[in-house]
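Here is the structure we will look at.
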Amino acid sequence: MKHIAIFASGKGSNARAIINYFQNHASVKVALIVTNNPEAEVVKIAHSQKIISAVVSKKFLNDEKEMPRLLDAQKIDFIVLAGFLQLVPSYLLNRYSQRMVNIHPALLPKFGGQGMYGIKVHEAVLAAGEKETGITIHYVNEKYDQGEIILQKKLKIAPGDTPQTLSPKVLALEHKWYPKTIEKLLV
Ligand code: GRF
């Protein structure tokens with residue numbers, strides 16, 4: 001059984017999609033939810049699904065003894081970032097090299113990098129006059145949104161699309177492809 005940890009800070013809709021997908025899965029288990037935000041929706045989702053969750057401070061996340069201890073206690077093989085807004089420290093990146101993935105709501109390498117998250121991404125895509133957008137699933141390395149790309153899926157931008165109409169379309173694509181892609185990497 002492969003044990004995954006999901007790191008999330010916000011609404012947690014991807015975390016929910018991943019948890020649902022791997023419920024009763026033969027070889028993958030969501031064994032831990034990590035957040036830096038005690039108000040994050042994922043904390044509630046974790047409780048309702050009886051998954052262990054941990055609210056970690058920046059200090060704890062950066063602690064090279066404590067954080068690995070938390071992950072090792074749940075035998076975490078693989079880390080999934082799903083809207084985790086805290087910078088992942090390099091000791092953790094090294095420890096989980098090629099075993100940590102992230103999802104970005106645009107077609108990287110465009111519209112990525114520091115500060116590019118949430119609605120700002122869709123605003124930038126539309127301001128650039130793009131005809132299509134999409135999602136990128138990639139390994140995580142030291143540089144924001146620059147790790148090796150695993151999968152991209154595109155969608156056409158309709159005339160009249162706004163950041164607000166684009167956002168749910170992109171999110172639906174994320175929910176469809178993130179769990180499957182994680183499964184493919186692990187099974
Ligand atoms: C998603 O758009 C994802 O691409 C980005 O953060 C957002 C998280 O959304 N990395 P949610 O918290 O999973 O709803």
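Both counts, for ligands and for their atoms, begin at 1 and track the order of listing. Note that this is a predicted model, so its numbers are computed, not measured.
- The nearest protein atom to atom 4 (O) of ligand 1, hydrogens excluded, is given as E174 OE2, 2.8 Å; this is a heavy-atom distance.
- Taking distance alone, with nitrogen or oxygen atoms compared against 3.5 Å, N102 stays at or beyond that limit from ligand 1.
- A donor-acceptor contact under 3.5 angstrom links the side chains of E183 and H25, judged on distance only.
- Short contacts between ligand 1 and K11, defined as distances under 4.0 Å to a heavy atom of the residue, involve ligand atoms 12 (O), 14 (O).
- Of the protein's non-hydrogen atoms, N14 ND2, 3.9 Å is the one closest to atom 9 (O) of ligand 1.
- Distance check: D161 CG to S167 OG gives 11.0 Å after rounding to the nearest 0.5 Å.
- Protein heavy atom at the shortest distance from atom 7 (C) of ligand 1 is G83 CA, 4.2 Å.
- Summary of contacts: the protein heavy atom closest to atom 10 (N) of ligand 1 is I103 O, 2.8 Å.
- Between the side chains of H138 and N102, at least one donor-acceptor pair of N or O atoms lies under 3.5 Å.
- Each of the following atoms of ligand 1 lies closer than 4.0 Å to a heavy atom of P105: 2 (O), 4 (O).
- Closest to atom 12 (O) of ligand 1, if we only count protein heavy atoms, is G12 N, 2.7 Å.
- Given atom 14 (O) of ligand 1, the protein heavy atom at minimum distance is S13 OG, 2.5 Å.
- Side chain to side chain, N37 and S9 fail the donor-acceptor criterion of an N or O pair below 3.5 Å.
- For K75, the NZ atom counts as loosely surrounded, since its 6.0 Å shell holds 12 or fewer non-hydrogen atoms of other residues, nucleotides or ligands.
- In this structure, a donor-acceptor pair under 3.5 Å is present between the side chains of S13 and H175.
- Looking only at side-chain heavy atoms (C-beta outward), I4 and I18 come within less than 4.5 Å of each other.
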